[in-house]
Amino acid sequence: MEFAAGGGLLSRRMLLRGAAAGSGAALAALAMPRPAQAEPALPEWVTVAGERARGYGMPAEQEADVQRAIIEPFGDLARAFSLSGTPHHKLRGTITPNGLHFEVHHGGRPNLDPDGHRLMIHGMVERPIKFDLNALERYPMVTATHFLECSGNSFFNAVMPEPMQSGCDMLHGLLSNSEWTGVPVRVLLEEAGVRPEGRWVLAVGNDAPSLARSIPVEKLMDDAFVALYQNGERIRPEQGYPMRLLLPGFEGNMNVKWLTSLWVTDAPAYTKHESGEYTEILANGSSVKFTFAMGVKSVITHPSATMTMSGPGFYEISGIAWSGAGSVRKVEISADGGESWAEAALQEPVLPRALTRFRLPWRWEGAPTLLMSRAEDATGAVQPTRSSWKARYDPSNFLHYNAIQPWQITPEGSVQNVYA
């Protein structure tokens, strides 16, 4: 057995060699034995016809608890401001099912009539244009897989003096990953004819507060698109139906939902959200505006807080990593509180500005263990510790929190959220 680091972390090559050689004995010896059981009687479902086909598939009834966590920080004002978090600890892979994609609503979810919805491109352009949904459907489309992350994701860990004992849906659930399909914004802006002095675009949503964010033209001309489909089907109302802006890697609030206006200007608008709610306060009292890209980050999802280990033996540590600056280059895992690290295997394909699944075999001996992961992206940026992140910001700041997440495992197998 080949160990890669302290705390029982095994070489990621071990599983590959074992599978290639057909010798699973080493892994079988680590697994928990299952007691012998009598053969069950022939189940009823193989003796009678099953259920008929249905128009839209649904999860199994036994998976009914796999739901988003509802977060309502302001109680009675939940209709105006509400959130729901993706249950990453109950998912595998990288693509988030549409019904589990996180939500953040600043003015509730509008019930729009798609036939009456319009997208206007106006301001500093030669030819102002207005599109309805049918017109956009005629344009050439692109498909790409990207994550969306609220800049307030992980806010409980950022500001709570003591770690909150909740699952990944509450702690890190304002993050999801989908395959998006839509019309490149560059095509639409070129048709409108952006004037040379047009350097910014104010994107406006058709919801109650008319949420608006200023975006550099360069980003819109690069990889942005008006998303009409998510994971192959029409985007859902909570994701901006009938259309939303998709800015790969940029903070979630800028990916304006229910998109109705792209107003070309010569300067940022300094709207309420970008000059107030989404401004970061630094430790020296100064502030930072327009921090667009989300930082490099990772979190172990299996095992993670609220889970219970099923006894000593072999496990696969698994999690997700991402970066708004591009691709994830490396993820390391420590099972001894950061004293030693082992490089995890990254599941291909590793896509830019998308979630990447990482894995590493591990043998847990039943001793207290502090698990953590740290990611590095293609630019060389490395995920910081919580103490170094906190040292940079005012204690009130919770935006763009991307610190390492430690999980403490007790001898009884309970997994807890801790600060380290």
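Positions are given from 1, in the same order as the sequence printed here.
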Looking at every heavy atom in both [X] and [Y], which two are closest together, and how far apart are they?
X	Y	result
Thr145	Ala354	O-CB, 3.5 Å
Ser340	Gly6	OG-N, 2.8 Å
Ala227	Leu246	CB-CB, 4.3 Å
Pro352	His146	O-ND1, 3.5 Å
Leu370	Ala420	CD2-CB, 3.9 Å
Ile235	Arg244	CD1-N, 3.8 Å

Is there a side-chain contact between [X] and [Y] in this structure, where contact means two heavy atoms from C-beta onward sitting under 4.5 Å apart?
X	Y	value
Val331	Gln383	no
Asn402	Pro384	yes
Ile300	Phe358	yes
Pro216	Val201	no
Leu9	Ile333	yes
His172	Phe102	no
Arg213	Asn253	yes
Pro87	Val66	yes

Assess whether atom [atom1] of [X] is packed by more than 12 heavy atoms of other residues, nucleotides or ligands within 6.0 Å.
X	atom1	answer
Arg127	CZ	yes
Glu233	CD	yes
Asn111	CG	no
Trp258	CH2	yes

Judged by atom type as modelled, is there a donor-acceptor pair below 3.5 Å linking the side chain of [X] to the main-chain atoms of [Y]?
X	Y	answer
Glu103	Gly85	no
Asp113	His117	no
Ser275	Thr271	yes
Arg118	Asp115	yes
Ser82	His105	no
Trp45	Val48	no
Gln165	Asn417	yes
Arg363	Gly8	no
Asp377	Gly380	yes
Asp169	Thr86	no

Pair Trp180 + His101: ring centers closer than 6.0 Å =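 So the answer is yes for these two rings.
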Would the Phe290 and Tyr270 ring centres measure less than 6.0 Å apart?
->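 Distance test on ring centres: under 6.0 Å, yes.
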Side chain to side chain contact (heavy atoms under 4.5 Å, CB included) evaluation trace for Leu371 with Ile409 | CA-CA 8 Å; Leu371 280 181; Ile409 301 175; 3.8 Å; yes
Using 0.5 Å steps for rounding, measure from the [atom1] atom of [X] to the [atom2] atom of [Y].
X	Y	atom1	atom2	value
Leu346	Arg357	CG	CZ	12.0 Å
Arg236	Arg234	CZ	CZ	14.0 Å
Ile71	Met170	CD1	CE	5.0 Å

Assess whether side-chain hydrogen bond (donor to acceptor under 3.5 Å, both in side chains) is satisfied between Trp362 and Glu316, documenting all intermediate values.
-> CA-CA 6 Å; Trp362 173 47; Glu316 180 184 75; over 6 Å; no
Are [X] and [Y] ion-paired here, with the side-chain N under 4.0 Å from a carboxylate O?
X	Y	result
Glu197	Arg199	no
Arg359	Glu343	no
Glu51	Arg54	no
Lys90	Asp65	yes
Lys289	Glu274	no
Arg353	Glu149	no

Evaluate the side chain to side chain contact (heavy atoms under 4.5 Å, CB included) criterion for residues Val204 and Leu202: first the C-alpha distance (whole Å), next the side-chain angles of each, then the deciding distance (0.1 Å), finally the verdict.
-> CA-CA 6 Å; Val204 183; Leu202 183 67; 4.1 Å; yes
When the side chains of residues 183-194 are checked against the rest of the protein, which donor-acceptor pairs come out under 3.5 Å, sequence neighbours left out?
residue : atom : partner : partner atom : Å
Glu191  : OE1  : Tyr139  : OH           : 2.6
Glu191  : OE2  : Tyr139  : OH           : 3.0

His302/Met307 under side chain to side chain contact (heavy atoms under 4.5 Å, CB included): CA gap, chis, key distance, verdict | CA-CA 8 Å; His302 300 79; Met307 290 182 175; 3.7 Å; yes
Can a side-chain donor-acceptor contact be found between [Y] and [X] if the only test is distance below 3.5 angstrom?
X	Y	result
Glu412	Ser414	no
Thr301	His88	no
Tyr419	Ser387	no

So is Lys219 actually on top of Phe250's ring, under 6.0 Å and inside 45° of the axis?
->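 Yes, Lys219 sits over the ring of Phe250.
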Identify the residue among Leu100, Leu148, Asn98, Thr96 that makes a side chain to side chain contact (heavy atoms under 4.5 Å, CB included) with Ser176.
->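 Result: among Leu100, Leu148, Asn98, Thr96, Thr96 is the only option passing the side chain to side chain contact (heavy atoms under 4.5 Å, CB included) with Ser176.
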Could you check Ser298, Ser318, Pro406, Ser334 and say which one makes a side chain to side chain contact (heavy atoms under 4.5 Å, CB included) with Ser373?
->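 Only match with Ser373 under side chain to side chain contact (heavy atoms under 4.5 Å, CB included): Ser298.
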For Ser154 and Lys297, run side-chain hydrogen bond (donor to acceptor under 3.5 Å, both in side chains): C-alpha distance rounded to whole Å, both residues' side-chain angles, the deciding distance at 0.1 Å, then the answer.
-> CA-CA 11 Å; Ser154 312; Lys297 192 171 178 180; 2.7 Å; yes
Test side-chain hydrogen bond (donor to acceptor under 3.5 Å, both in side chains) on Glu280 and Thr291 and set out the steps.
-> CA-CA 8 Å; Glu280 299 163 67; Thr291 308; 2.7 Å; yes
Would Ser261 and His122 satisfy side chain to side chain contact (heavy atoms under 4.5 Å, CB included), going step by step from the backbone distance to the final call?
-> CA-CA 8 Å; Ser261 172; His122 54 131; 2.8 Å; yes
Test ring-ring contact (aromatic ring centres under 6.0 Å, His included) applied to Trp389 - qualifying residues, sequence neighbours left out |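 Expected list: Tyr393, Tyr401.
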